[in-house]
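Computation of the quantities below employed the complete heavy-atom set of this structure, encompassing side-chain atoms and omitting hydrogens, waters and symmetry-equivalent molecules.
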Number of protein chains: 6
Amino acid sequence: MRIGIYPGSFDPVTLGHLDIIIRSARLVDQLIIGVLKNSSKSPLFTVEERVEFLKQVTLDIPNVTIESYHGLLVDFAQEKNANIIVRGLRAITDFEYELQLAQTNHKLNPNVDTMFLTTNVEYAYLSSSTVREIANYGGKIEQFVPSCIVQSVYDKYNKIRSV
Amino acid sequence: MRIGIYPGSFDPVTLGHLDIIIRSARLVDQLIIGVLKNSSKSPLFTVEERVEFLKQVTLDIPNVTIESYHGLLVDFAQEKNANIIVRGLRAITDFEYELQLAQTNHKLNPNVDTMFLTTNVEYAYLSSSTVREIANYGGKIEQFVPSCIVQSVYDKYNKIRSV
Amino acid sequence: MRIGIYPGSFDPVTLGHLDIIIRSARLVDQLIIGVLKNSSKSPLFTVEERVEFLKQVTLDIPNVTIESYHGLLVDFAQEKNANIIVRGLRAITDFEYELQLAQTNHKLNPNVDTMFLTTNVEYAYLSSSTVREIANYGGKIEQFVPSCIVQSVYDKYNKIRSV
Amino acid sequence: MRIGIYPGSFDPVTLGHLDIIIRSARLVDQLIIGVLKNSSKSPLFTVEERVEFLKQVTLDIPNVTIESYHGLLVDFAQEKNANIIVRGLRAITDFEYELQLAQTNHKLNPNVDTMFLTTNVEYAYLSSSTVREIANYGGKIEQFVPSCIVQSVYDKYNKIRSV
Amino acid sequence: MRIGIYPGSFDPVTLGHLDIIIRSARLVDQLIIGVLKNSSKSPLFTVEERVEFLKQVTLDIPNVTIESYHGLLVDFAQEKNANIIVRGLRAITDFEYELQLAQTNHKLNPNVDTMFLTTNVEYAYLSSSTVREIANYGGKIEQFVPSCIVQSVYDKYNKIRSV
Amino acid sequence: MRIGIYPGSFDPVTLGHLDIIIRSARLVDQLIIGVLKNSSKSPLFTVEERVEFLKQVTLDIPNVTIESYHGLLVDFAQEKNANIIVRGLRAITDFEYELQLAQTNHKLNPNVDTMFLTTNVEYAYLSSSTVREIANYGGKIEQFVPSCIVQSVYDKYNKIRSV
């Protein structure tokens with residue numbers, strides 16, 4: 001059985017992430033979306049919120065599950081019996097970083113391979129930090145994130161501002 | 001009428017910035033230099049100081065004005081009726097980031113296009129952060145920033161050190 | 001008066017080229033599309049055919065004219081009193097080559113500057129050679145070239161094959 | 001059923017190719033290695049020889065078959081009911097070209113997706129043309145190609161030289 | 001006499017660093033490893049610890065000495081009468097940054113030139129921050145750092161966790 | 001003794017090449033400029049002419065000699081007891097290609113290392129093929145090649161045109 005892990009911060013999930021999820025779910029038997037709890041960064045959304053968003057946007061894809069993890073990705077992969085790491089590639093600087101990660105992960109656990117999909121051109125410019133910056137200034141994010149989470153992103157910033 | 005915006009932090013303005021200003025001022029009818037007030041970064045110079053430096057170094061260019069802004073660049077462009085964003089390109093990593101910005105801004109406001117000029121080779125290695133690092137250690141910055149602001153940069157660091 | 005030159009082989013013109021033409025025509029007073037007669041390459045279409053295609057697809061843009069040239073671009077620019085060279089940027093390898101060209105042209109004629117526009121993401125993958133390869137094998141090119149030249153491209157390959 | 005195609009010239013197959021074959025064969029149910037008959041290039045080895053080499057080096061991998069093709073890759077994929085194209089990534093310039101190919105193929109046939117694996121660092125510098133250049137001058141190629149074809153490569157060059 | 005400086009943070013020294021040290025020590029008469037005291041970053045190891053590690057791993061290379069420095073690299077080079085800066089190149093983003101540094105240093109002190117070596121492919125993916133991240137989560141670092149410092153890295157994290 | 005080889009086609013030598021020659025001659029005891037006789041390319045200048053040009057422009061550098069070679073660079077290096085290959089780096093695409101060459105040469109002969117210098121920014125855009133293209137159309141090449149060979153380049157094209 002081919003078990004894939006698609007790791008990330010997903011803070012928040014974008015249409016670019018969703019594109020990779022849909023396409024990679026076709027290439028593996030089971031796809032686990034791994035949401036990183038990174039203690040050294042302060043995310044906009046809590047790990048619980050980010051997991052919840054991903055559950056909403058993947059409701060219709062039967063072989064996808066969402067889990068959070070912390071620590072090394074290769075350890076999470078081993079724990080889940082996953083043999084494939086899925087990553088989206090957008091740009092050159094992405095590519096260098098991803099190449100480095102893939103090689104390091106392979107050195108740490110030779111049983112896990114990394115499979116790359118290139119982000120659809122329509123989302124090639126898109127990242128969670130772009131979404132956060134636009135939302136922070138009240139700009140329109142409808143064309144960047146799944147429709148079911150648009151309001152949640154605005155709400156978060158309204159709450160931050162009202163503090 | 002072609003109104004261009006050249007946005008940046010200009011902390012402080014360098015000879016590379018000035019090169020882009022002079023060349024892009026020839027390509028548009030009016031050039032607005034937009035100085036970013038970024039609340040999440042702590043700049044060396046206040047936004048007022050940075051605007052003042054730019055006024056000094058562009059005194060002789062009649063179609064250039066200086067303004068500060070905060071928020072999204074596309075909103076500032078709309079407010080000023082600008083239809084062109086001007087950006088300087090130095091290097092590969094610049095290019096990727098600039099491409100992403102240009103595509104995002106175009107999605108947010110399709111009436112605004114981004115025009116790139118490549119930095120003159122003489123200044124291809126130059127950035128405001130390089131200037132700050134050299135000045136911080138008392139190195140020579142005469143060949144990196146307009147002559148009229150050299151002393152102001154040194155003064156700033158002397159003031160910081162005396163605190 | 002701002003006179004721009006958009007040089008290229010246009011063998012044949014693609015929707016990516018047309019995107020750059022439309023956008024750059026807004027940024028200059030007059031845009032001259034310069035079609036390169038390169039004696040060392042054997043193009044699919046003659047220079048007369050390539051000029052004719054460009055005339056058809058730019059019929060509705062009043063400030064665009066089409067001309068062929070050979071020799072150095074800076075000489076052609078000088079002859080036409082053009083002060084701006086327009087180039088589209090797609091990718092990293094493009095970028096390096098374009099940077100080199102822009103710097104060389106500036107050294108040869110300091111009065112001419114190069115303005116870059118980034119290709120719309122929708123056409124970021126597109127080149128004339130891709131179009132030729134697909135058409136050569138009878139693939140569909142409707143989404144790659146202006147509709148008015150689709151048949152001409154197929155006709156050319158049918159003629160080649162019948163020889 | 002997941003059917004993958006790993007296309008290429010394989011002139012000749014290298015240890016880098018073999019690494020991608022072994023790893024991608026694990027990720028799909030059936031892997032078809034597609035050997036390109038490119039009429040516009042003159043390869044060192046005939047398409048029959050290249051197919052034969054690949055058969056020898058993949059004898060032990062049950063779900064791999066070798067076929068030659070000409071024309072567009074997406075047409076070959078459709079004919080074989082393949083839904084995945086496999087490509088190895090080595091370097092930046094590779095990446096740009098591969099991205100362009102993947103986007104074009106996806107536009108031509110949206111049912112086919114491209115999956116990238118990064119070449120093992122050990123083979124990151126390796127290409128068929130490097131092998132050919134070294135063999136041409138009598139250099140050692142044992143560390144670059146599968147052992148069973150080393151002699152065949154030398155024999156080819158001896159035969160060329162004796163003509 | 002050719003005196004080279006190999007500057008860096010070395011937090012901690014990796015097998016990639018050691019590879020560059022061994023190879024560059026052959027190319028100069030005297031190699032000074034310059035360990036940067038950067039007051040604006042909080043390193044894992046103190047500058048004294050980092051110097052000590054480097055002394056241990058270079059015990060057998062007679063023409064290597066270790067020193068710490070702060071301030072501008074070109075000032076340190078002048079003080080030591082060094083005329084060569086040694087840098088390792090791994091990747092594209094490295095390359096851009098290194099090119100910028102080399103050009104700036106050359107402008108600040110034209111008597112100092114920068115010599116680049118490319119990191120051995122085996123260590124091409126390796127950085128001190130990768131080592132720190134793996135060690136932080138208890139992963140294996142034996143294949144990334146010289147054996148004599150493996151335990152020290154683990155000890156440091158155990159000490160941090162016990163605080 | 002440190003013997004370096006600076007290999008290339010030098011068709012013709014440019015001011016960029018000369019910059020690398022002068023700087024690398026300081027870093028080694030003896031520098032051999034290796035002029036490649038490449039039977040598969042048809043150069044503008046014969047190998048004898050290219051060697052002669054290099055002799056003229058390096059007259060004042062005592063530790064430089066010029067030799068032509070064909071075949072593998074590592075074999076030429078071994079024959080000359082050279083332990084260092086010198087290469088100039090200009091751009092990203094250069095970098096990838098050079099990295100591949102350096103790794104391959106190191107695999108073929110582990111005793112030879114490759115040292116890179118970055119081309120002075122003033123010549124960063126410059127290549128022999130640029131010089132040839134400009135000269136072919138009668139453009140000015142004084143700022144691109146050493147003054148003593150300017151006339152020879154023009155003469156060559158006049159001779160070609162008169163045939």
Side-chain angles (χ1 to χ4, degrees), chain C residues 11-20 40-44 87-100 116 118-147 150 153-154 156-158 160-163, chain D residues 5 7-9 32 34-43 47 67-83 85 87-116 118-119 124-125 127 129:
Chain C
D11 185 31
V13 58
T14 69
L15 289 173
H17 295 136
L18 187 54
D19 176 55
I20 297 290
S40 67
K41 274 191 187 172
S42 44
L44 178 61
R87 299 288 289 173
L89 279 178
R90 286 174 312 178
I92 291 301
T93 41
D94 265 21
F95 176 60
E96 285 292 332
Y97 175 71
E98 292 293 338
L99 189 61
Q100 195 186 40
F116 294 97
T118 54
T119 307
N120 193 309
V121 279
E122 211 179 327
Y123 309 120
Y125 55 85
L126 187 51
S127 71
S128 293
S129 63
T130 303
V131 170
R132 291 196 305 270
E133 193 186 342
I134 295 169
N136 183 28
Y137 290 112
K140 284 178 185 287
I141 60 170
E142 279 79 359
Q143 48 195 334
F144 302 127
V145 297
S147 54
V150 168
V153 177
Y154 287 131
K156 177 65 88 173
Y157 277 106
N158 288 333
I160 290 171
R161 271 187 286 264
S162 69
V163 173
Chain D
I5 286 186
S9 291
I32 300 165
V35 181
L36 181 63
K37 285 190 263 192
N38 188 338
S39 53
S40 67
K41 274 191 187 170
S42 44
V47 72
E67 302 201 28
S68 64
Y69 77 100
H70 76 288
L72 295 179
L73 178 57
V74 288
D75 293 341
F76 180 53
Q78 192 148 31
E79 183 195 326
K80 293 291 163 187
N81 292 314
N83 32 24
I85 293 167
R87 298 290 287 174
L89 279 178
R90 287 173 311 176
I92 291 302
T93 41
D94 264 21
F95 176 60
E96 285 291 331
Y97 175 72
E98 293 293 337
L99 189 61
Q100 194 185 41
L101 266 187
Q103 305 284 15
T104 303
N105 285 332
H106 190 73
K107 268 234 158 176
L108 289 171
N109 185 343
N111 297 324
V112 178
D113 211 336
T114 302
M115 171 178 89
F116 294 97
T118 53
T119 307
Y125 55 85
S127 70
S129 64

Exercise. Can you tell me how far the CD1 atom of C:Ile134 sits from the CG atom of D:Asn105, to the nearest 0.5 Å?
Worked result: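 Output value for this atom pair is 8.0 Å.
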Exercise. Got a second to check how far C:Asn136's CG is from D:Leu72's CG, nearest 0.5 Å?
Worked result: 8.5 Å
For this session: Report, by ascending residue number, the residues of residues 107-116 of chain D in heavy-atom contact with chain C at a distance under 4.5 Å; give 'none' if the set is empty.
Result: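 Counting heavy atoms that sit under 4.5 Å from chain C, the residues of residues 107-116 of chain D involved are D:Lys107, D:Leu108.
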Problem set entry | Contacting moiety of C:Ile141, where chain D heavy atoms sit under 4.5 Å |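 Contact with chain D: none, neither part.
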Exercise. In terms of heavy-atom pairs under 4.5 Å with chain C, which of D:Val74, D:Thr104, D:Leu99 leads?
Worked result: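 Top option by heavy-atom pairs under 4.5 Å: D:Thr104.
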